There are 2 protein chains.
Amino acid sequence: MDHLSTTFAALADPTRRAILARLADGEATVTELAEPFAMSLPAVSKHLKVLEHAGLITRTRTAQWRPCRLDAAPLKEVTGWLAEYRRFWEDSFDRMDDHLRELQNKRKNS
Amino acid sequence: MDHLSTTFAALADPTRRAILARLADGEATVTELAEPFAMSLPAVSKHLKVLEHAGLITRTRTAQWRPCRLDAAPLKEVTGWLAEYRRFWEDSFDRMDDHLRELQNKRKNS
DNA sequence: GCTATATTCAACCTGTAGGTTAATTAACCG
DNA sequence: CGGTTAATTAACCTACAGGTTGAATATAGC
């Protein structure tokens, strides 16, 4: 399966997206990640394997724990793919300009 | 299945992404869309049904043809989801600024 | 070395995704 | 009406996704 398909497939599951959202707040172990879900640990373990295979998480080993860390590189690739279609929902470039200016203003004021 | 999962699942197939890419150039009939692929027409028909169910295409009826048209609204939703993770691959806002300035320059020169 | 904790592996089940071929529906055209 | 073209439906097959339970592995700590 090609890289982009693997990424999209990994993202096409709410459990896995929830795991990513959790990891956006920092590293976590398998048990910690599994806690919110009404499913067995091996099930979560499988989800993590899917995410790892898609390059969306990396895992290190510390004692008997395998903490997971988010790796957003594949998401960057997805935005690259999406960029090709941006013109279809942004009906005018001017509106995009407005949006960008707003972003820059926000930064200047922070 | 939730909306976002449906969208990601629809995008997780290279044939379907190729169909979307083709539709970015304008409307096309089923037979036209099927032409580049080494698969049967019913198979393509199924792919189109998946895309339609995900809201990525809309279909009208003209005589015996069912022309398909791209609808990028779900893609906008995807970028919304991705935005939450942007900070993980943009290590500095300045780099984003560079990118945006480059975009705007491109527009001025075109 | 033994036991507790963290995680994975193995075997299994069920549902569905993606493909096939053959038959069917729908519309046009002479 | 009869034939042709466009597309879908139906029935089927195979592979795999996502879940389960039970056993195995790895490490820490007493």
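Each chain gets a letter, A, B and so on, in the order its sequence line appears, and its residues count up from 1. Only a predicted model underlies this, so the values are computations on that prediction, with no experimental measurement involved.
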Can a side chain N or O of [X] be found less than 4.0 Å away from OP1 or OP2 on [N]?
X       : N      : result
A:Arg61 : C:dA6  : no
B:Ser45 : D:dA7  : no
B:Thr29 : D:dA6  : no
B:Lys49 : D:dT9  : yes
A:Arg66 : D:dT25 : no

B:Thr7 (side chain) donor-acceptor with B:His3 (main chain) under 3.5 angstrom: yes

Sugar-phosphate, base or nothing in reach of B:Ala43, heavy atoms under 4.0 Å: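 It contacts base atoms.
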
Check the distance between [N]'s [atom2] and [X]'s [atom1] and give it to me in whole angstrom.
X       : N      : atom1 : atom2 : value
A:Leu41 : C:dC9  : CG    : P     : 13 Å
B:Leu11 : C:dA17 : CG    : P     : 15 Å
A:His53 : D:dG18 : NE2   : C1'   : 17 Å
A:His47 : D:dT20 : NE2   : P     : 9 Å
B:Lys46 : D:dT14 : NZ    : C1'   : 12 Å

5′-ward residue of the pair B:Glu32/A:Met1 relative to DNA chain D: B:Glu32

Nearest-nucleotide comparison on DNA chain D, the residue closer to the 5′ end among A:Val50 and B:Val30: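 Mapping each residue to its closest nucleotide by heavy atoms, the 5'-most match is B:Val30.
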
Pairs flagged by side chain to side chain donor-acceptor pair (under 3.5 Å) wherever residues 42-53 of chain B is involved - sequence neighbours left out: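 Every side chain to side chain donor-acceptor pair (under 3.5 Å) pair that includes a residue of residues 42-53 of chain B, provided the two are not neighbours, is B:Arg16-B:His47.
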
Pair B:Arg86, A:Thr79: side-chain N/O donor-acceptor within cut-off below 3.5 Å: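 Judged by distance alone, the side chains do not pair up.
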
Value rounded to 0.5 Å, distance of CG in A:Leu20 from CG in A:Asp71: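 A:Leu20 atom CG to A:Asp71 atom CG measures 10.5 Å (nearest 0.5 Å).
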
